[in-house]
Amino acid sequence: MNRTKGEVMGTFLKGTLILSLAMLYTKVVEFIVSILLAQSLGSEGMGFYMMALPVIGLLITIAALEFPTALSKVLAEEEVHQNERARLQIVKVSFFVIMGLSLLLVAVSAAITLLLLKWKNIDIRLGYPLLALIPIVPVIGTSSILKGYFSGLQKMKPIAIAQLLEKTAHLSFIFYVLHYVKDLPLEYRVVAAVLGLGAGELVSLFFFSASFLLGERTTGEAATEKTAPVSKRSILKKLFQVSLPTTGVRILNALTAAVNPILITQSLLFAGIAASVATKQYGMLTAFAMTIGYFPGFIGYSLYVSLVPSISEARSKQDDHALHQRIHQAFHITLLYGIPCSIVMYFFADELTVLFYHSPQAGQFLMLLSPFILFHYLLSPLQAILFGLGRARDVFSQTIWVNILSILLIVSLSSQSSFGIHGVIIAVNFSGVLLSFLHYHTIVEEVHFKPKLMDYAIFLASGAFTIGLCELMHRTHYEDHISIIIVLAVVFAVYYGTLFFLRLFQSGLSRLWVKPEK
């Protein structure tokens, strides 16, 4: 069934809003879970838990092969042709590929884990959570296929509900089970914490499976013999054209994240900073300042999930107007939350780090990150647009070069005593700005995108007015007399209020310029 342009735009915005609310709930639940785990496991248990999580993250990245993104793009293109039979073939081929790879990874990773535990230098207690995590891989792999299926059909509600159910099940499991195992040895409590992840993933898989089966039962009649079958080779080619570069980006980012702590701490030591101080500064930057700074990025992830199929559909229809309109909407949504968040983090960095982590020292790091944090928020929608346009290889190659330059900048700056940890912040800001501009240039080159300068001028004007208000509040110390929560609410209200009135003013001016019909 063909949809009108208005329905398509409404679907995109509605899907983004639904996913954003679900992601907000997810972030809140994850924060509560981290508190419960810290209380139950203690610092040593949390150490084992946090050591095991990167392993499962890498396994999932390899097992899923970023098929959710690839499926989302390919299925959105097939929806344009109304080929129900091809859609089912794509899902089946994806399922068999991911299940085969997941089972292979389970066997290999279990064997490697058992061999590593024979080494004397490795704490055997680390093996229990690792072995408990490995069976979760096929579950997550299957869920990723179904997630990509619903994303490709631009049905974001099942994805949002699955996230809500998954995190609720995880929280419930942690809350009740850890209470009953509190007297058991530490390694068993860590295993229980890990099994909580599995419980959430199983609930998510059951919901996805039920939604998929019910949906296919109601539309199964459409897959008649009239539609031509699609060869498995062509399906795999389409999927791997997107999934392999995208997986490369994920693995590259994971490897960079794994190498950076070593490079940063060693560079700080070379600059003459004591090991304990270097570790403390790195912890404040990554665990406190970056956690607060990147928190609003969950909206960008919601945009990412919605944009890939939406851009793919518009490109498949060769609808340039709809394509440009969705790019404008993605930028507008990012500026809508990114500009006020950046302003708040700059002017109230100390208050935010004290409020959440009781660490005023981390406020300086957050303040230095905040002027360029908007570019990091833009990365998710920019990459989604490029994936939807079929430019996944460009994302991969640009990410490689920017990561290499970022690492070189980290080593060269942070190893100098005059920069220290501030050199790391400069490198992080540099990488975000450069990668955003490279992605944006590729989009302009591909679709000849032209920004609506007046719209962006209104965002900048609202931001400038809000900056003036924040500067006035700091000069008069007005914010010292009331709660920081109220101050933040006032700042956001001023930004959105100014934006609203400027929009009205723009609308009024545009009417004045319209020539009356003769």
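Here the structure is a predicted model, which means the values were calculated and not measured. Numbers for residues simply follow the sequence, beginning at 1.
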Residue pair [X] / [Y]: nearest heavy atoms and the distance that separates them:
X	Y	answer
Leu379	Gly432	CD2-O, 4.5 Å
Phe396	Pro245	CD1-O, 3.7 Å
Leu307	Ala384	CB-CB, 3.7 Å
Ile421	Leu268	N-CD2, 3.4 Å
Leu269	Ala274	CD2-C, 3.9 Å
Val428	Met290	CG2-CE, 3.7 Å

Donor-acceptor check, side chain of [X] to backbone of [Y], threshold 3.5 angstrom: yes or no?
X	Y	result
Ser72	Gly148	no
Ser204	Gly200	no
Ser406	Asn403	no
Ser109	Leu105	yes
His439	Ile385	no
Ser151	Val305	yes
Ser412	Leu409	yes
Arg250	Glu66	no
Ser397	Arg393	yes
Ser312	Ala76	no

Quick one: does [X]'s side chain get under 4.5 Å of [Y]'s, heavy atoms only?
X	Y	value
Ile485	Leu355	yes
Ser380	Leu303	no
Phe240	Ser243	yes
Val91	Phe212	yes
Val29	Thr168	no
Leu239	Leu71	yes
Met156	Pro309	yes
Val395	Thr246	no

To the nearest 0.5 Å, tell me how far [X] [atom1] sits from [Y] [atom2].
X	Y	atom1	atom2	answer
Tyr377	Ile333	OH	CD1	15.5 Å
Glu313	Leu153	CD	CG	10.5 Å
Leu205	Glu166	CG	CD	10.5 Å
Leu146	Phe207	CG	CZ	11.0 Å
Gln398	Leu438	CD	CG	5.0 Å
Ile98	Ser143	CD1	OG	12.0 Å

Check against side-chain contact (heavy atoms from CB on, under 4.5 Å), Leu171 and Leu36: CA-CA 9 Å; Leu171 176 61; Leu36 294 175; 3.8 Å; yes

Leu366: which of Ile292, Ile425, Ile373, Leu285 passes side chain to side chain contact (heavy atoms under 4.5 Å, CB included):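 Passing option: Ile292.
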
Full working for side-chain contact (heavy atoms from CB on, under 4.5 Å) between Phe387 and Lys73: CA-CA 8 Å; Phe387 289 145; Lys73 180 182 185 302; 5.7 Å; no

Within 6.0 angstrom of Phe31 CZ, more than 12 heavy atoms from elsewhere: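 Counting neighbours around CZ of Phe31, 12 or fewer heavy atoms of other residues, nucleotides or ligands fall under 6.0 Å, so no.
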
Phe437, CZ: over 12 other non-hydrogen atoms inside 6.0 angstrom: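 Not buried by this count: 12 neighbours or fewer within 6.0 Å.
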
side-chain contact (heavy atoms from CB on, under 4.5 Å) between Ile311 and Arg326, worked out: CA-CA 7 Å; Ile311 294 292; Arg326 285 168 218 181; 4.1 Å; yes

Geometric class of the Tyr304/Tyr301 ring pair [parallel <30°, tilted 30-60°, perpendicular >60°]: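 Parallel, since the angle between the ring planes stays under 30°.
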
Ring geometry between Phe365 and His422 (parallel below 30°, tilted from 30 to 60°, perpendicular above 60°):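 His422 vs Phe365 ring planes: perpendicular.
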
Test side-chain contact (heavy atoms from CB on, under 4.5 Å) applied to Phe331 and Leu382, step by step: CA-CA 9 Å; Phe331 289 164; Leu382 287 172; 3.6 Å; yes

